[in-house]
Amino acid sequence: MSTRADLRQHGGQISPLVAQSVAKANALAQENGLEHVESLLKEEAPHLLEGRQKQERREGLPELKDTEGKDIVLRFAPNPNGPLSFGHARGVVINGTYAHEHKGTLILRFDDTDTTVKPPMLDAYDIIPKEVEWLLGRPADRIVIASDRIPLYYEHAERMLSEGFGYICQCPAEDFRTFRETKQDCPCRDKSVDLNVEGWNMMLDGTYNPGDAVVRVKTDMELKNPALRDWPALRIQDTEKNPHPRPGIGSKYRVWPLLDFQSAVEDQLQGVTHIVRGKDLMDSTRKQTLLYQHFGWNYPETIYWGRVKVHEWGGFSTSKMRASIENGEYTGWDDPRLPTLQGLKLRGIQPEALRNFWIELGVTQKDISVPLATLFSHNTKGIDDDAPRLSFVRSPVTVSIHGDIPDDIKIPVHPNHDAMGKRIISMRNNQIMIEQEDANNPTYRLKEFADIDEGGQLGSISRSDKRSIIHWVSAESSTEAILTLPLQENIEHIKGRVEHHNYPIGTIVQLERIGYAIIRKDDFLLMHE
RNA sequence: GCUCGUGUGGUGUAGCCAGGUCCAUCAUAGUGGGUUUUCAUCCCGCCGACCCGGGUUCGAAUCCCGGCACGAGCACCA
């Protein structure tokens, strides 16, 4: 109908006819199979078989626009004021995946241009590249550190002043706020190039103190969006009082670029072709586009994602976490309760699960709230086949069993994979331990062993009825152990007994009827069910 | 307040740009069943959605207008 304008006015009559034919065709497919219908079509109307994938589900990430004939370059640009968190993983995964899919370049860029409000953390410069590599399974192609490139930003600032699209503004911040709101030109706006250059030198040489002057990009005070009106590009920081933590940088510079300027210039210098960022930076794109126009550059293709909240975690910021760790609320950046990559890694979350998780969420601009269960589900798929089964009995109750009990019992390590071998359980002292809750039943079946009747009497070896199957340990073949549950607020430790095993620290096991856990030095850390 | 953006089942997501088998995809959660000597894994079934109101059109999840809701920006933070 879309191609036959002449028939459209008769749509009311045609629709039922089409519906009838469709019903017929469907019936035919039902009886003789879809192939039959396809072969009929091939003979009668082959053109109908073409170009009908419009409604098929798109797999993976949306296509990047404007990629033809280009070397694709993307970047992930965190502030190195702490290790990476769950939210950062989105930036790493999405940018990294796009770069990978296009055989392009992923730049890891440290936007470390603030020494006062969000001071960088020296360790982060080493930690973050490793975290990126862990998450992606390969390192970033290039690392750029903004604080190494201040002279380049200065050059561009100077060009901005000399070409007249930037100026030194000496208005107090509040005054400028008023100008911005009322669309008035700031008195500094019309200064001559010479005066601006002079002001610039006074910023650099220490004549001006922080707050005395900034460099602004001349846009237009009449712009509809107030955020874009003559925005600030560089300012002075007191780096004597708040030195940059990197050796060699320290108090070397007083004038520092703001994000919008630094990021814009750096993207151009690095040949970034596509930017994927949070939609909170939409106005940043617009500000930067105005700057690009001044410089005569083309702004990269940009796409945005919305905010993500995890129901179980709520809002965590790097600076908040840093404070909580420093005052002892958490044991460190790798505290399993924290939504850091280190915490997740410690909890046994696989990088592949994180990748699949973020790719599945995609890059929509909606603000979303996701349950951790989705991430866990991805993780389970990755670990179940390799996770040996182990029996862990919480709050154990000892039961003496009697009857014709064998000396040893063999139980598969993994029910789906015989190749993983057997666990051998010694039964020589006739004592088993089961969970308090299971002990309330008069009879039960010990998993992989036998029925137990009242009074601990050994019953049928083969399954004889529908009594519940419980997990258990032999007193002799088990040791005391602790199961640790990382809950939101506190950490709970449960004492119990675990069957003997030789798995090294770090092994992910499945505690039968409990969940997946990772073996640590002194305990089992429960990951998820 | 001004500016920008987003609204598809419980939670996410595909479809929207180029309107028509869309009585709307897939996943996750929930639920029922099967396999299994785990409340695991795997398999099968069910459940459940186009924010509201107008308009354009033979036909609207899709285009237009209005409303409502939510979010973000308006930092000398990133």
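Every chain is numbered from 1 and lettered A, B, ... according to where its sequence line falls, protein lines coming before strand lines.
Closest to the side chain of A:Ala373, out of B:rU13, B:rU38, B:rA29, is B:rA29. Distances from the side chain of A:Lys279 to the nucleotides B:rU28, B:rG71, B:rU38 place B:rG71 closest. Side-chain proximity of A:Val214 to B:rA78, B:rC76, B:rU38: nearest is B:rC76. Side-chain proximity of A:Leu281 to the nucleotides B:rU37, B:rU38, B:rA78 is greatest for B:rA78. When each of B:rU41, B:rA78, B:rC74 is scored by its nearest atom to the side-chain atoms of A:Asp384, the top-ranked nucleotide is B:rU41. Comparing B:rC74, B:rC76, B:rG12 against the side chain of A:Pro226 picks out B:rC74 as the nearest. With distances taken from any side-chain atom of A:Gln510 to the nucleotides B:rU38, B:rC76, B:rA78, the minimum falls on B:rU38. Taking only side-chain atoms of A:Asp367, from C-beta outward, the nucleotide of B:rG7, B:rU3, B:rG71 with the closest atom is B:rG71. Closest contact between the side chain of A:Leu258 and the listed nucleotides B:rG12, B:rC76, B:rU28 involves B:rC76.
For the salt bridge (Lys or Arg N to Asp or Glu O under 4.0 Å) with A:Asp230, the qualifying choice from A:Lys287, A:Arg216, A:Arg189 is A:Arg189, the only one to do so. Exactly one of A:Thr113, A:Thr239, A:Asp112 qualifies for a side-chain hydrogen bond (donor to acceptor under 3.5 Å, both in side chains) with A:His244. That residue is A:Asp112.
Taking atom C1' on both B:rC50 and B:rA40, the two are 37 Å apart, rounded to the nearest angstrom. Separation of the C1' atoms belonging to B:rU36 and B:rC44 is 15 Å when rounded to the nearest angstrom. Spacing of P atoms, B:rA14 relative to B:rU31, comes out at 27 Å, to the nearest Å. Here the separation of B:rU38 from B:rA24, taken at their C1' atoms, is 38 Å to the nearest Å. Atom name C1', nucleotides B:rG15 and B:rU62: the rounded distance is 9 Å, in whole Å. Using P as the reference atom, B:rG9 and B:rA49 are 9 Å apart when rounded to the nearest Å. Across the P atoms, B:rG66 and B:rU13 are found 27 Å apart, a figure rounded to whole Å. The gap from the P atom of B:rC64 to that of B:rU57 amounts to 16 Å, rounded to the nearest Å.
A salt bridge links A:Glu512 to A:Arg423: one of the charged nitrogens lies within less than 4.0 Å of a carboxylate oxygen. Using a 4.0 Å cut-off between charged nitrogen and carboxylate oxygen, A:Asp384 and A:Arg389 count as a salt-bridge pair. A salt bridge does not link A:Asp408 with A:Lys422: none of the charged nitrogens is closer than 4.0 Å to a carboxylate oxygen. Comment: A:Asp453 engages A:Arg467 in a salt bridge, judged by a side-chain N to carboxylate O separation of less than 4.0 angstrom. By the 4.0 Å N-to-carboxylate-O rule, A:Arg75 lies too far from A:Asp111 to be salt-bridged with it. Contact check on A:Asp114 versus A:Arg235 returns a salt bridge, with a Lys/Arg side-chain nitrogen under 4.0 Å from an Asp/Glu carboxylate oxygen.
Rounded to whole Å, the distance from NE2 on A:His378 to P on B:rU28 is 8 Å. Between A:Met282 atom CE and B:rG73 atom P there is a gap of 12 Å when expressed in whole angstrom units. Separating the CG atom of A:Asp260 from the C1' atom of B:rC76 is a distance of 12 Å, rounded to the nearest angstrom. If you measure from atom CG of A:Asp283 to atom P of B:rG73, you get 9 Å, rounded to the nearest angstrom. The distance between atom CD1 of A:Ile470 and atom P of B:rA40, rounded to the nearest whole Å, is 17 Å. Between A:Gln365 atom CD and B:rA72 atom P the separation is 14 Å, expressed in whole Å. The separation between A:Ile94 atom CD1 and B:rU13 atom P is 12 Å, rounded to whole Å. Residue A:Asn416 contributes atom CG, which lies 12 Å from atom P of B:rU36 at whole-angstrom precision.
Counting atom types as modelled, A:Arg513 pairs no side-chain N or O with a base atom of B:rA40 as donor and acceptor under 3.5 Å. You won't find any donor-acceptor pair under 3.5 Å spanning the side chain of A:Glu448 and the base of B:rU38, going by distance alone. Under 3.5 Å, the side chain of A:Arg463 and the base of B:rU37 form no donor-acceptor pair of N or O atoms.
Among the atoms of the strands shown, none is found under 4.0 Å from any heavy atom of A:Phe176. Residue A:Thr113 is classed as a sugar-phosphate contact, given heavy-atom separations below 4.0 Å to backbone atoms only. Among the protein residues, A:Ser369 comes within range of the sugar-phosphate backbone only, with heavy atoms under 4.0 Å from sugar or phosphate atoms but none that close to a base. Residue-level contact check: A:Gly211 touches the bases, meaning some heavy atom is under 4.0 Å from a base atom. Contact annotation for A:Pro415: base contact, defined as any heavy-atom pair under 4.0 Å involving a base atom. When heavy atoms are screened at a 4.0 angstrom cut-off, A:Leu259 is found touching base atoms of the nucleic acid. Heavy atoms of A:Thr380 sit under 4.0 angstrom from primed sugar atoms or phosphate atoms, though from no base atom.
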### Query
So what is the 5' to 3' dot-bracket string for RNA chain B, if pairs are Watson-Crick or G-U wobble with both distances under 3.5 Å, crossing pairs use [ ] and | means the partner sits on another strand?
(((((((..(((.......[.....))).(((((.......)))))....(((((..]....))))))))))))....
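Within the structure, every side-chain polar atom (N or O) of A:Arg286 is placed at least 4.0 Å from both OP1 and OP2 of B:rC74. Phosphate proximity of B:rA27 to A:Ser377: absent, as no side-chain N or O sits under 4.0 Å from OP1 or OP2. Look at A:Thr364 and you won't find any side-chain N or O under 4.0 angstrom from OP1 or OP2 of B:rG12. Regarding contacts with the backbone of B:rU8, a side-chain N or O of A:Lys366 is found under 4.0 angstrom from either OP1 or OP2.
Aromatic ring centroids of A:Phe86 and A:Trp313 lie under 6.0 Å apart. Ring centroids of A:Tyr125 and A:Phe110 are separated by less than 6.0 Å, placing the two rings close together.
The distance from the CD1 atom of A:Ile275 to the OH atom of A:Tyr299 is 3.5 Å, given to the nearest 0.5 Å.
Nearest-nucleotide assignment on RNA chain B puts the 5′-proximal partner with A:Lys224, out of A:Pro78 and A:Lys224. Mapped onto RNA chain B by nearest heavy atom, A:Glu181 and A:Ile461 fall at different nucleotides, with A:Glu181 at the one closer to the 5' end.
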